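Heads up: the structure comes next, in structure tokens.
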Amino acid sequence: MIFKYLILFSTLQFPLLSFGQCDRASDSLALISLYNATNGSDWFNVWNLDQPMSSWHGIMLTIEGCVQCIDLDGVTDCDGNINNTGNNLIGQIPDSIGNLSMVESISFGNNFLTGPIPSSFGQLQKLQILILRSNSLTGSIPLELGNLHDLDILNLSYNNISGEIPVEIGLLNKLNYLFLFDNDLSGPIPSTFSGLSGLFAFGAAGNRLTGEIPAFLGEMQLHRIDLHDNEFIGCFPEELRSLCDDDVNFSGNIALPWQGDFDQFCSSTTQIGAPCEDGFPYTINSINANCDCIGTFTSLSETAETIIKIYPNPAIHDLQIGDENNNDKLYCTISSMEGHHINTFETNHFDVSNLSSGIYLLEIQNKKSGKRNIIRFIKQ
């Protein structure tokens with residue numbers, strides 16, 4: 001089969017050129033390798049290998065007749081749009097994909113590709129769009145992707161990619177869109193990302209990224225950041241206040257202030273005392289002066305049979321307290337998060353207007369049953 005196509009393209013009298021120039025024979029062999037490696041006979045849109053490349057679904061050619069775009073995500077548009085149809089590619093991406101020296105756009109989104117991302121992608125010096133989203137790719141992000149200096153869009157979301165984000169990605173100074181959603185990535189955001197001066201949108205939610213949020217994110221041209229459901233710690237850098245009018249999501253990072261609620265950060269003057277979670281049961285947690293999420297143990301296990309409700313929370317003026325036995329008398333104590341006593345009362349409501357904005361502990365004891373609960377509330 002391969003010999004047949006070598007003869008076919010040699011008759012077209014296109015000379016063999018060095019890498020980086022048009023070589024139709026090399027391109028055709030690379031596409032045939034892709035077709036065979038991904039069960040091409042069962043694709044939704046099957047190529048007729050007896051017809052010219054220009055007739056193959058998802059292929060666009062340059063004026064010289066070399067591959068300029070491969071778009072096999074279900075809709076041929078070659079512009080980086082997200083399509084959810086796919087083309088039923090099953091198997092691994094062959095290393096020969098790196099021989100397409102003139103290609104500018106590749107989209108294999110919404111298929112059933114497995115195995116690693118070939119490092120040979122790093123050979124595609126003209127590549128501007130690389131979309132591999134919604135497959136089952138494994139392994140790490142190849143360091144060689146850092147060679148793609150014309151890359152504008154990199155989308156590796158919804159795979160099973162693991163390891164850390166390579167620092168080499170921070171060398172892609174033409175990158176505008178970087179999406180790594182829902183993989184198994186770990187480690188910090190590389191410091192080299194500070195050099196991505198043109199980055200418009202960065203999404204890596206649903207991973208296991210760690211460390212503190214870099215302050216340089218607030219100094220870039222970003223208008224969308226989605227890093228929810230990771231494992232970041234510390235406080236929000238004050239530099240991020242420049243993004244308060246943009247699309248920013250850190251929710252689900254439970255050790256951050258307000259468990260990552262960026263709107264709370266934007267509307268607050270201080271993060272000290274903000275609620276957070278350390279992941280341990282029977283603790284009430286808050287951010288201390290060192291931006292650590294510190295837990296205070298409670299005796300919640302003693303009150304498992306008692307339902308306590310306070311509302312509204314956050315409170316501005318009047319705080320209402322009740323339990324499942326509304327006629328029982330409650331003995332209530334308000335303390336600071338550091339445990340300093342502030343007030344005691346025996347009514348089912350309390351005027352918190354004179355309290356400073358912040359987080360407090362409310363200890364509630366049912367005088368009839370003796371059951372006790374400690375609840376955290378916020379004074380706005």
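Model, not experiment: these values are computed from the prediction. Keep in mind that the numbers below use all heavy atoms, side chains included, and drop hydrogens, waters and symmetry copies.
- For Asp226 (side chain) and Ala205 (main-chain N/O), no donor-acceptor pair under 3.5 Å exists by modelled atom type.
- One distance of note links CG of Leu31 with OG of Ser96; it measures 8.5 Å at 0.5 Å rounding.
- Taking the side chain as every heavy atom from C-beta outward, Leu243 and Phe236 never approach each other to under 4.5 Å.
- Between the side chain of Gln125 and the main chain of Gly122, a donor-acceptor pair closer than 3.5 Å is present.
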Between Asn110 and Thr85, does the side chain to side chain contact (heavy atoms under 4.5 Å, CB included) criterion hold? Intermediate values first, please. CA-CA 6 Å; Asn110 292 90; Thr85 306; over 6 Å; no
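- At distances below 3.5 Å, not a single donor-acceptor pair connects side-chain atoms of Thr38 with backbone N or O atoms of Gly91.
- Note on Leu34 and Val46: same hydrophobic cluster, where clusters join Ile, Leu, Val, Met, Phe, Trp and Tyr whose side-chain heavy atoms are under 4.5 Å apart, directly or indirectly.
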Checking Leu362 against Thr333 for the side chain to side chain contact (heavy atoms under 4.5 Å, CB included) test, could you report, in this order, the C-alpha distance in whole Å, the side-chain angles of both residues, the deciding distance, and whether it holds? CA-CA 6 Å; Leu362 176 64; Thr333 301; over 6 Å; no
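- Taking the six-membered ring wherever Trp is involved, the centroid distance between the rings of Phe193 and Phe216 does not fall below 6.0 Å.
- Here the side chains of Ile97 and Ser120 are in contact, with some heavy-atom distance below 4.5 Å.
- No continuous path of hydrophobic side-chain contacts links Ile272 to Ile254 [ILVMFWY only; heavy atoms under 4.5 Å].
- In terms of modelled atom types and a separation under 3.5 Å, the side chain of Ser335 and the main chain of Leu361 share no donor-acceptor contact.
- Looking only at side-chain heavy atoms (C-beta outward), Leu113 and Asn159 stay at 4.5 Å or farther from each other.
- Gly273 and Ser286 make their closest contact through O-CB, 3.8 Å (heavy atoms, listed as atom of the first residue, atom of the second, distance).
- Among all heavy-atom pairs drawn from Cys78 and Ile129, the shortest one is O-CD1, 4.1 Å.
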Distance-only donor-acceptor hits, side chain of residues 312-321, under 3.5 Å, sequence neighbours excluded:
unit_1 : atom_1 : unit_2 : atom_2 : d
Asn313 : OD1    : Ile378 : N      : 3.0
Asn313 : ND2    : Arg376 : O      : 3.3
His317 : ND1    : Ser353 : OG     : 3.3
Asp318 : OD2    : Gln320 : NE2    : 2.3

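- Side-chain atoms of Asp73 and Ser107 form a donor-acceptor pair, as typed in the model, at a separation below 3.5 Å.
- By the 6.0 Å contact criterion, CD on Glu346 is enclosed, its count of non-hydrogen atoms from other residues, nucleotides or ligands being greater than 12.
- The distance from the NZ atom of Lys379 to the OG atom of Ser357 is 4.5 Å, given to the nearest 0.5 Å.
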Start with the C-alpha gap between Asn111 and Asn87, add the side-chain angles, then the distance that decides, and say whether side chain to side chain contact (heavy atoms under 4.5 Å, CB included) holds. CA-CA 6 Å; Asn111 285 290; Asn87 198 43; 4.0 Å; yes
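- Shown here for Asn173 and His149, the closest heavy-atom pair between the two residues is OD1-O, 4.2 Å.
- Distance check, rounded to the nearest 0.5 Å: CG of Leu148 to CG of Leu175 gives 10.0 Å.
- At least one side-chain heavy atom of His57 sits less than 4.5 Å from a side-chain heavy atom of Trp47.
- A side-chain N or O of Asp152 and one of Asn176 form a donor-acceptor pair less than 3.5 Å apart.
- Put simply, Ile93 and Ile90 are part of two different groups of oily side chains (I, L, V, M, F, W, Y) that touch within less than 4.5 Å, one to the next.
- At a threshold of 4.5 Å between non-hydrogen side-chain atoms, the residues Asn249 and Phe262 do not count as touching.
- Remark: side-chain polar atoms of Asn147 are not paired, donor with acceptor, to backbone N or O of Leu145 under 3.5 angstrom.
- In this structure, NZ in Lys126 is found 13.5 Å from CG in Leu100, a value given to the nearest 0.5 Å.
- Of the possible polar contacts, one joining the Asn183 side chain to the Leu180 backbone as a donor-acceptor pair under 3.5 Å is found.
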Decide side chain to side chain contact (heavy atoms under 4.5 Å, CB included) for Ile213 and Leu227; before the verdict, give the C-alpha distance in whole Å, the side-chain angles of both, and the deciding distance to 0.1 Å. CA-CA 10 Å; Ile213 301 169; Leu227 294 171; 5.8 Å; no
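- Without hydrogens or angle criteria, Asp292 side chain to Ile294 main chain gives no donor-acceptor distance under 3.5 Å.
- Ion pairing between Arg224 and Asp246 fails under the 4.0 Å rule for side-chain N and carboxylate O.
- No donor-acceptor pair under 3.5 Å is formed between the side chain of Asp247 and the backbone N or O of Ala201.
- Between Tyr360 and Asn343, the closest side-chain pair of non-hydrogen atoms is not below 4.5 Å.
- No side-chain heavy atom of Asn155 sits less than 4.5 Å from a side-chain heavy atom of Phe181.
- In summary, of the residues considered (Asp184, Asp182, Asp229), a salt bridge (charged side-chain N to carboxylate O under 4.0 Å, His left out) with Arg208 occurs for Asp184 alone.
- Heavy atoms only, all atoms of each residue included: Cys66 and Arg24 are closest at SG-N, 3.6 Å.
- Rounded to the nearest 0.5 Å, atoms OH (Tyr177) and CZ (Phe202) are 15.5 Å apart.
- Residues Glu212 and Cys235 fail the side-chain proximity criterion, which asks for heavy atoms closer than 4.5 Å.
- To the nearest 0.5 Å, atoms CD (Glu239) and CD (Glu219) are separated by 5.5 Å.
- Cation-pi contact between Arg241 and Phe265: present, with separation from the ring centre below 6.0 Å and deviation from the ring axis of at most 45°.
- Across Ala274 and Pro257, no two heavy atoms sit closer than the pair CB-CB, 3.8 Å.
- Hydrophobic clustering (side-chain heavy atoms under 4.5 Å, transitive across Ile, Leu, Val, Met, Phe, Trp, Tyr) groups Leu72 together with Met53.
- Linking Ile, Leu, Val, Met, Phe, Trp and Tyr residues whenever their side-chain heavy atoms come within less than 4.5 Å leaves Tyr158 and Leu132 in two separate clusters.
- When atom types are taken as modelled, the side chain of Trp258 and the backbone of Asp263 share no donor-acceptor pair closer than 3.5 angstrom.
- Side chain of Thr347 to backbone of His349: a donor-acceptor contact under 3.5 angstrom is found.
- Checking Asn81 against Asp79 by side-chain atom types alone, a donor-acceptor pair falls below 3.5 Å.
- Enclosure of atom OH in Tyr331 is not indicated, since only 12 or fewer non-hydrogen atoms of other residues, nucleotides or ligands lie within 6.0 angstrom.
- When all heavy atoms of Gln221 and Ser197 are compared, the pair lying nearest together is CG-O, 3.2 Å.
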